[in-house]
Amino acid sequence: MAIESLHSWGYFFSIFSILFLSCLIVAFRFYIVLFNHSIDISYYKALKINMIGYLFDSVLPSSNGGDLIRITHLIKITKNKLLSIALVIFDRAIGVYGLALLAFIAVLISSFFNHSNELNKILNLFIITFFSAHLIPLIIFFLLADKKKKDRGKKVFLINFFYKYCKKSFLFSAISLSLINHLMSCVVIFLICNSFGLNISTLSGLIYFPIAIFSGIFGVAGGFGIGTLGFDFIFRNFLDSSSGALIGTLFHSFLLLSRVLGLPFYLLNKYDVSK
């Protein structure tokens, strides 16, 4: 049943379209991050950098290995290595924050309808995910600042960088785009689950799917490996399904396929003599 559903052209087109639109939304978030820091760049260039980064996600360790490529391309534009690293890490942190916030909102809503002990497990798992997602980028920032202790200006620069991005309008826009992006990823997982005949409630999906998606950060080629194990763990322990590994594999396969769309951008960039 699942295979027949996934082989349906309508089904495949729906999932692929959602993931492609998600790529456009993430690129727009990256664009406003750069725009907010007065980086002169068009949306197309931001999209190109992101898509090339996605392409390398499929061959580098973790699902975010392409960030190294994004930094490399951004350095050519900003002529500032530290600024480029900070911007890419900040953009990634906003993305992870949106993922954690989505799960948190779903937990709060669910708490009004579900008073079982299982909710405590959800909250504990969420807290671990939330804090690890935020502490890691902060540690990286200050490790970078401390690399050359003689240059105190770098640490001051990073502190100012954080203050600059505390503008309410910018944060609201960036986080909203992150929420929309992750909601679309959850919709894809819902569609895959539906093909298996799994009837998962909307709230349960919005609570657990973000945690499963987060585990993909530690996988390879878009989330395989540890990300697949994360799906299996979440589905077995919280959604009473033994199909988590297969669902995770299919989800990461669709992600990988959408990231291959970065190949045309890479080729255009490689042979663009006017760049």
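The analysis underlying the following values was restricted to heavy atoms, covering all of them including side chains, and did not include hydrogens, waters or symmetry mates.
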Provide the closest heavy-atom pair for [X] versus [Y] in the form atom of the first, atom of the second, distance.
X: R29; Y: L177; result: CA-CD1, 3.7 Å
X: A27; Y: A46; result: O-CB, 4.0 Å
X: I32; Y: S173; result: CD1-CB, 3.9 Å
X: S215; Y: G230; result: OG-CA, 3.5 Å
X: P210; Y: L102; result: CG-CD2, 4.0 Å
X: S241; Y: L198; result: OG-CD1, 3.6 Å

>> Would you say the rings of Y266 and F56 are close, in the sense that their centroids are separated by under 6.0 Å?
In response: yes
>> Please confirm whether the ring centroid of F190 lies under 6.0 Å from the ring centroid of F209.
In response: yes
Just verifying a value: how many Å separate [X] [atom1] and [Y] [atom2], rounded to the nearest 0.5 Å?
X: K45; Y: H73; atom1: NZ; atom2: NE2; value: 12.5 Å
X: I39; Y: T78; atom1: CD1; atom2: OG1; value: 6.0 Å
X: I207; Y: I234; atom1: CD1; atom2: CD1; value: 11.0 Å
X: H37; Y: L87; atom1: NE2; atom2: CG; value: 5.5 Å
X: F35; Y: D40; atom1: CZ; atom2: CG; value: 9.5 Å
X: L83; Y: L74; atom1: CG; atom2: CG; value: 7.0 Å

Would you call [X] and [Y] a side-chain contact if the rule is heavy atoms closer than 4.5 Å?
X: L206; Y: L183; answer: yes
X: F265; Y: Y54; answer: no
X: I49; Y: I41; answer: yes
X: I85; Y: K81; answer: yes
X: F224; Y: S253; answer: yes
X: C193; Y: I247; answer: yes
X: T228; Y: F233; answer: no
X: L255; Y: D57; answer: no

>> Run the side chain to side chain contact (heavy atoms under 4.5 Å, CB included) test on K48 and L268 for me, step by step, so that the C-alpha distance in whole Å, both residues' side-chain angles and the decisive distance to 0.1 Å come before the verdict.
In response: CA-CA 9 Å; K48 181 172 69 174; L268 286 172; 5.7 Å; no
> Between I180 and M184, does a side chain to side chain contact (heavy atoms under 4.5 Å, CB included) hold up when you go through it step by step?
Replying inline: CA-CA 6 Å; I180 294 171; M184 296 174 78; 4.1 Å; yes
>> Starting from F238, can I reach L229 by hopping between I/L/V/M/F/W/Y residues whose side chains sit under 4.5 Å apart?
In response: no
>> Taking M51 as the starting point, is it possible to reach V260 by hopping between hydrophobic residues whose side chains are less than 4.5 Å apart?
In response: no
> Are the side chain of S84 and the backbone of I71 linked by a donor-acceptor contact shorter than 3.5 Å?
Replying inline: no
> What residues form a side-chain hydrogen bond (donor to acceptor under 3.5 Å, both in side chains) with S201, not counting sequence neighbours?
Replying inline: S204
> With N50, which residues qualify under side-chain hydrogen bond (donor to acceptor under 3.5 Å, both in side chains), at least two apart?
Replying inline: R70
>> My understanding is that only residues two or more places apart in sequence, or in another chain, count here; which of them pass ring-ring contact (aromatic ring centres under 6.0 Å, His included) with F251?
In response: F231
> Step by step, would you call F254 with F12 a side chain to side chain contact (heavy atoms under 4.5 Å, CB included)?
Replying inline: CA-CA 9 Å; F254 278 115; F12 178 85; 3.6 Å; yes
>> Working note: L55 + L261, criterion side chain to side chain contact (heavy atoms under 4.5 Å, CB included); need CA distance, chi angles, decisive distance, verdict.
In response: CA-CA 7 Å; L55 177 64; L261 290 174; over 6 Å; no
>> Give me each pair satisfying salt bridge (Lys or Arg N to Asp or Glu O under 4.0 Å) with a member in residues 191-210, each pair once, sequence neighbours excluded.
In response: none
>> Suppose the criterion is salt bridge (Lys or Arg N to Asp or Glu O under 4.0 Å): which pairs have a residue in residues 234-243, not counting sequence neighbours?
In response: D232-R236
Check: residues 13-26 side-chain donor-acceptor pairs under 3.5 Å, at least two apart:
from, atom 1, to, atom 2, distance (Å)
S14, OG, G10, O, 2.8
S17, OG, F13, O, 2.7
S22, OG, N181, OD1, 2.1

> Is it the case that more than 12 heavy atoms not belonging to Y43 sit under 6.0 Å from its OH atom?
Replying inline: yes
